Amino acid sequence: MADKKQSVKIMAQNKKARHDYFIIETIEAGIELFGTEVKSIRQGRINMTDSYASITNGEVYIKAMHISPYEEGNRFNRDPMRERRLLLHKQEIRKLIGQMQQQGYSLIPLSVYLKGSLVKISLAVAKGKKLYDKRDDIAKRDAQRNARRAVKEFNR
């Protein structure tokens with residue numbers, strides 16, 4: 001059986017996450033959604049700025065992720081801020097529980113994307129950055145930008 005190449009279309013990214021956290025590991029998970037939520041995500045009406053994931057009773061939930069109500073969904077629309085269960089294997093959840101028990105680690109969603117016809121989420125096991133770490137990252141990024149600009153000017 002030949003492998004089908006599935007197209008990946010990113011619907012939303014949590015850009016603040018890479019600025020505020022050190023990304024230790026990433027994992028792909030499915031999301032338990034209703035039909036109107038999927039239609040709304042396909043329209044790009046999703047906000048995951050302050051969202052986070054937590055583990056409750058052996059299940060992983062994403063919280064504070066806003067999916068706008070579908071305009072033609074009327075009574076089938078759900079609460080935009082409701083908790084949504086993430087679909088992971090038991091061994092993946094056990095591994096995440098072990099990592100979460102370490103001091104200062106969090107589960108942060110990085111992006112929501114369409115993989116084929118399925119909605120997937122990229123989760124990261126992350127550790128919060130201190131203010132001086134953020135300043136170091138900004139300084140490195142500025143130095144790289146200036147170096148690229150200098151090389152570009154030199155090659156003209």
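The figures that follow rest on heavy atoms only: side chains count, while hydrogens, waters and symmetry mates do not. Note that the structure is predicted; figures quoted are calculated from it, not measured.
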(request) Would you name the heavy atoms of V125 and M100 that are closest together and state the gap between them? (result) CG1-CE, 3.8 Å

(message) Under a 4.0 Å threshold between the charged nitrogen and the carboxylate oxygen, would K134 count as salt-bridged to D137?
(response) no

(request) Looking only at non-hydrogen atoms, find the nearest pair between M11 and I41 and report the distance. (result) CE-O, 3.0 Å

(message) Could you measure the distance from the CZ atom of R141 to the CZ atom of R145? Nearest 0.5 Å is fine.
(response) 6.5 Å

(message) Distance check, rounded to the nearest 0.5 Å: K130 atom NZ versus R135 atom CZ?
(response) 13.5 Å

(request) Apply side-chain contact (heavy atoms from CB on, under 4.5 Å) to Q99 and K95, showing your working. (result) CA-CA 6 Å; Q99 290 175 332; K95 183 178 176 184; 4.1 Å; yes

(request) Cation-pi check, K129 to F22: give yes when NZ or CZ is under 6.0 Å from the six-membered ring centre and within 45° of the ring axis, no otherwise. (result) yes

(message) For residues I31 and I27: do they belong to one hydrophobic cluster (side chain heavy atoms under 4.5 Å, members Ile, Leu, Val, Met, Phe, Trp, Tyr)?
(response) yes

(message) Any non-hydrogen side-chain atom of R149 less than 4.5 Å from a side-chain atom of K152?
(response) no

(request) Begin with the C-alpha distance, continue with both residues' side-chain angles, and end with the deciding distance and a verdict on side-chain contact (heavy atoms from CB on, under 4.5 Å) for I138 and H19. (result) CA-CA 9 Å; I138 291 169; H19 180 262; 4.0 Å; yes

(request) Without swapping roles, check the side chain of S40 against the backbone of S68 for a donor-acceptor pair under 3.5 Å. (result) yes

(request) Ignoring hydrogens and angles, state whether a donor on the side chain of Y105 or E25 is under 3.5 Å from an acceptor on the partner side chain. (result) no

(request) Taking the side chain as every heavy atom from C-beta outward, state whether R45 and H66 have any pair of such atoms under 4.5 Å apart. (result) no

(request) Drop me the distance from L87's CG to K120's NZ, to the nearest 0.5 angstrom. (result) 7.5 Å

(message) Within this structure, what is the CG-CD1 distance for the pair N47 and I67, rounded to the nearest 0.5 Å?
(response) 10.5 Å

(request) Have a look at L110 and tell me which of Q13, K15, R18 forms a side-chain contact (heavy atoms from CB on, under 4.5 Å) with it. (result) R18

(message) For F34, is there any backbone N or O sitting under 3.5 Å from a side-chain donor or acceptor partner on E37?
(response) yes

(request) Could you check if a side-chain atom of K90 sits within less than 4.5 angstrom of a side-chain atom of I93, using non-hydrogen atoms only? (result) no

(request) Compare every heavy atom of I121 with every heavy atom of Y113, then report the nearest pair and how far apart it is. (result) CE2-C, 4.1 Å

(request) Please check if the side chain of N14 supplies one atom and the backbone of P109 the other of a donor-acceptor pair under 3.5 Å. (result) yes

(request) Verify the neighbour count for atom CG of N155: are there more than 12 heavy atoms of other residues, nucleotides or ligands below 6.0 Å? (result) yes

(request) Establish whether I55 and L123 are linked, either directly or via other cluster members, by ILVMFWY side-chain heavy-atom contacts under 4.5 Å. (result) yes

(message) Counting C-beta onward and ignoring hydrogens, is there a side-chain heavy-atom pair between V112 and V119 closer than 4.5 Å?
(response) yes

(message) Would the distance check show the side chain of R84 and the main-chain N or O of M65 forming a donor-acceptor pair, the cut-off being under 3.5 Å?
(response) yes

(request) Identify the residue among L96, L107, V60 that makes a side-chain contact (heavy atoms from CB on, under 4.5 Å) with L86. (result) V60

(message) To check you understand the geometry: which heavy-atom pair defines the closest contact between Y52 and A64, and what is its length?
(response) CE2-CB, 4.3 Å

(message) Is it the case that the side chains of K63 and S54 hold a donor-acceptor pair, with the cut-off being a distance below 3.5 Å and no angle test?
(response) yes

(message) Membership question, hydrophobic clusters at under 4.5 Å side-chain separation (ILVMFWY): are I23 and M48 in the same one?
(response) no

(request) Look up atom CZ in R148 and atom CD in E153, then write down how far apart they are to the nearest 0.5 Å. (result) 14.0 Å

